[in-house]
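Since the structure comes first, as structure tokens, the remarks are kept for the end.
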2 protein chains.
Amino acid sequence: MTRIDDVARLAGVSTATVSRALRGLPTVSADTRRRVLAAAEQLQYAVSPSASRLAGGRTGSVAVVVPRITRWFFGVVVEAVEEFLNEAGYDLLLHNLGGRERNRQRVLGTTALHKRVDAIMLVATPLHDAEVSALATLGLPGITISSGTAVPSWPCVRIDDVAAARTATRHLLDLGHRRIAHISGDPDDELAFTAHLDRRRGYQAELRAAGLRPDPGLDVESGFDIDGGTRATEELLRRGDPPTAIFAACDEMAMGALTALRDAGLRVPQDVSVIGIDNHALSGVLGLSTIAQPAAEQGRLAAKMLLDPLAGGNGGTGSQHSAPVILPTRLVVRHSTAPVRAH
Amino acid sequence: MTRIDDVARLAGVSTATVSRALRGLPTVSADTRRRVLAAAEQLQYAVSPSASRLAGGRTGSVAVVVPRITRWFFGVVVEAVEEFLNEAGYDLLLHNLGGRERNRQRVLGTTALHKRVDAIMLVATPLHDAEVSALATLGLPGITISSGTAVPSWPCVRIDDVAAARTATRHLLDLGHRRIAHISGDPDDELAFTAHLDRRRGYQAELRAAGLRPDPGLDVESGFDIDGGTRATEELLRRGDPPTAIFAACDEMAMGALTALRDAGLRVPQDVSVIGIDNHALSGVLGLSTIAQPAAEQGRLAAKMLLDPLAGGNGGTGSQHSAPVILPTRLVVRHSTAPVRAH
DNA sequence: CTGAAAGCGCTTACAG
DNA sequence: CTGAAAGCGCTTACAG
């Protein structure tokens with residue numbers, strides 16, 4: 001492996017000058033820079049990240065923490081973030097909590113983060129108080145996407161979950177539905193995404209605005225995924241007197257609902273309307289009506305907000321961005337929602 | 001930030017002993033180890049990865065390269081690999097090629113890998129000759145999953161794509177279909193996953209085994225995703241005299257086919273049967289028949305095969321595993337395939 | 001089983 | 001604009 005002094009020797013300069021030239025620092029003459037670049041090129045030199053990090057105090061890495069990379073929203077966010085980080089020359093350290101408590105402790109207890117990254121991005125990861133203070137102790141810049149828990153001084157990018165849920169509920173009300181069920185994530189799940197709490201709030205608010213009283217019998221909690229949607233819907237059907245419409249807290253739950261309804265012999269949308277939130281890549285295939293949210297844009301924007309201060313010279317200090325940045329959502333009507341049938 | 005000498009001072013030993021005790025080396029007395037661990041705990045000490053890497057020559061990181069993390073197979077593989085690596089104490093450096101040529105060059109030209117990782121995992125990433133030799137020059141252990149291009153001395157985990165395709169085609173033949181179309185990935189796409197070449201080969205072989213001649217008019221190439229499946233199917237229908245069955249090279253393409261058929265007013269499976277390969281998380285929801293492949297198992301097994309030699313002391317040398325490890329697939333019949341209708 | 005010392009390969013004041 | 005030298009925080013022979 002060629003080292004910096006090999007390049008220095010070939011270019012006829014000191015290692016300090018090589019270091020400066022390669023990093024594009026302004027205090028190098030054009031001619032010297034040219035010679036250094038040529039020498040580095042000729043020797044196929046690549047800087048040793050470990051040495052550079054140790055000497056320079058920057059790791060060039062960003063930790064990205066997601067609950068489950070296999071779910072639509074997180075996959076899309078990570079893809080967008082990865083693109084942005086790579087363009088900016090940062091490595092992406094992926095942490096997929098995956099419901100494993102041990103993993104959660106390693107990451108959020110910061111053992112896995114300590115001295116390893118320059119910044120942290122938390123996607124839909126609610127935190128205990130102890131975790132918030134452990135993260136704060138690291139003293140690193142960070143950002144959250146779609147977070148229930150705010151980390152002091154970290155900005156947040158998200159959608160307005162209450163508004164999205166209200167729009168979905170309103171769409172069903174506009175179609176004449178009155179028995180509108182809601183299925184959402186399990187609040188007892190330690191690793192639960194908290195957006196569903198806001199979504200339930202929006203659902204209830206919109207019902208009340210229409211003069212209806214939310215019926216606890218039509219509100220079921222389960223896992224925030226396909227299987228959870230299936231189980232929640234089965235539970236709903238077991239209770240008798242099924243709803244004419246179901247608002248699922250995310251598209252994957254809505255897809256599970258579709259399965260359960262089909263298996264129960266109910267037709268969508270003739271017997272039951274279904275709507276979700278996300279605009280999952282497969283929602284079109286399934287004809288699922290939904291509230292579309294811009295997942296890639298949230299990832300890109302959050303990555304940019306995280307990195308811009310790092311480049312700016314100050315180490316990401318400052319209590320900028322106190323209010324969350326809210327990205328817009330929009331109703332997408334497909335074939336899973338229709339006017340309620342006359343009884 | 002506390003450093004190793006803070007711990008050494010508190011424990012009353014040298015930094016060398018702290019280093020050994022913390023890494024669990026056997027040459028430390030039980031009593032000393034206890035004192036060191038207590039001191040480290042008390043001071044909340046975490047080793048500096050940069051310093052450790054520079055001094056020790058190990059990075060504790062593994063690069064994982066995938067074409068697109070948002071596709072089902074890659075998401076599931078990465079999730080399984082991440083779990084395994086984290087348990088083993090390795091960081092996962094994610095590289096999502098995402099169809100960006102610049103990114104491909106950075107990663108596979110090894111600029112992004114050089115001196116950064118202890119090992120490399122390539123998932124479904126075919127390589128140019130120059131890339132193979134650039135990777136070989138790094139001298140790192142590596143492994144491929146589902147790779148078309150073999151890297152000399154790197155083992156490979158995969159399914160038997162030819163056999164999977166034959167099974168899918170046979171299922172359609174058994175149902176009486178004779179006009180069986182195939183839709184698969186675009187070979188002109190530089191970043192294309194090459195498994196589809198084997199899948200086409202299996203499709204053709206099975207047709208021939210049944211005494212049929214593969215009809216080029218029933219064989220369409222497109223993107224290896226939902227949208228590609230839609231476009232390929234539209235093209236197929238434009239050609240007139242539609243097939244009675246479609247074998248898609250992956251479930252996401254099959255899902256695209258489902259959309260195109262529905263939009264064309266054709267019913268599945270009454271008018272056209274559809275089968276894919278994968279057993280995507282949503283295949284059940286869509287009632288899609290498929291050849292299930294064990295994605296998480298491939299990831300786990302590959303991670304294990306990659307890391308075991310690293311732990312074993314030798315640096316992953318040796319030309320073990322010359323033959324690819326093949327994991328089994330199985331036919332899953334749902335509702336998208338049915339006997340051909342009498343004409 | 002333990003320690004003193006060299007060294008890993010860079011970057012950064014400091015001086016000129 | 002450039003260089004000599006210290007230092008980043010560990011690990012690893014080497015010696016005992």
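Values below: all heavy atoms of this structure, side chains included; hydrogens, waters and symmetry mates excluded. By convention in this document, chain letters (A, B, ...) are assigned in the order of the sequence lines, proteins followed by strands, and residues within each chain are numbered from 1.
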Please confirm whether the shortest side-chain N or O distance from [X] to OP1 or OP2 of [N] is below 4.0 Å.
X: B/Arg33; N: C/dT2; value: no
X: A/Ser14; N: D/dG3; value: yes
X: A/Tyr45; N: C/dC10; value: yes
X: B/Lys115; N: C/dC8; value: no
X: B/Ser29; N: C/dT2; value: yes
X: B/Thr15; N: D/dC10; value: no
X: A/Arg23; N: C/dT11; value: yes
X: B/Ser48; N: D/dC10; value: no
X: B/Ser19; N: D/dC10; value: no

How long is the line joining [atom1] of [X] and [atom2] of [N], in whole Å?
X: B/Leu43; N: D/dG9; atom1: CG; atom2: P; result: 15 Å
X: B/Arg9; N: C/dG3; atom1: CZ; atom2: P; result: 14 Å
X: A/Arg3; N: C/dC8; atom1: CZ; atom2: P; result: 7 Å
X: B/Leu22; N: D/dG9; atom1: CG; atom2: P; result: 16 Å
X: A/His114; N: D/dC10; atom1: NE2; atom2: P; result: 10 Å
X: A/Arg53; N: C/dT11; atom1: CZ; atom2: P; result: 12 Å
X: A/Asp31; N: D/dT2; atom1: CG; atom2: C1'; result: 13 Å
X: A/Ile4; N: D/dG7; atom1: CD1; atom2: C1'; result: 15 Å

Between B/Pro26 and A/Arg58, who's closer to the 5' end of DNA chain C by nearest nucleotide?
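By nearest-heavy-atom nucleotide position, the 5'-most residue is B/Pro26.
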
Do [X] and [Y] come close enough that some side-chain heavy atom pair is under 4.5 Å?
X: A/Glu82; Y: B/Asn103; result: yes
X: A/Leu135; Y: A/Ile120; result: yes
X: B/Gln42; Y: B/Leu10; result: yes

Which nucleotide, if any, forms a Watson-Crick or G-U wobble pair with C/dA15, using both distances under 3.5 Å?
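Partner of C/dA15: D/dT2.
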
Could you check A/Val28 against B/Ala16 and say which one's nearest nucleotide on DNA chain D is further toward the 5' end?
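Mapping each residue to its closest nucleotide by heavy atoms, the 5'-most match is A/Val28.
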
Heavy atoms under 4.0 Å, any strand shown: does [X] hit a base, just sugar-phosphate, or nothing?
X: B/Pro49; result: nothing
X: B/Thr27; result: base
X: A/Ser50; result: nothing
X: B/Arg20; result: base

What nucleotide among C/dC10, D/dT2, D/dC10 has an atom nearest to a side-chain atom of A/Thr17?
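Among the listed nucleotides, the one closest to the side chain of A/Thr17 is D/dT2.
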
Closest listed nucleotide, where the reference is the side chain of B/Val13 and the choices are C/dG7, C/dT2, C/dG3:
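Output: C/dG3.
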
Exam field: side chain A/Asp118 to backbone A/Arg58, donor-acceptor pair closer than 3.5 Å:
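Here the side-chain-to-backbone pair does not exist.
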
Would the distance check show the side chain of B/Lys115 and the main-chain N or O of A/Pro49 forming a donor-acceptor pair, the cut-off being under 3.5 Å?
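No; zero donor-acceptor contacts below 3.5 Å.
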
Determine the sole option in A/Val325, A/Val123, A/Leu306 for which the side-chain contact (heavy atoms from CB on, under 4.5 Å) test with A/Ile143 is passed.
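Testing each of A/Val325, A/Val123, A/Leu306 against A/Ile143, the sole residue satisfying side-chain contact (heavy atoms from CB on, under 4.5 Å) is A/Leu306.
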
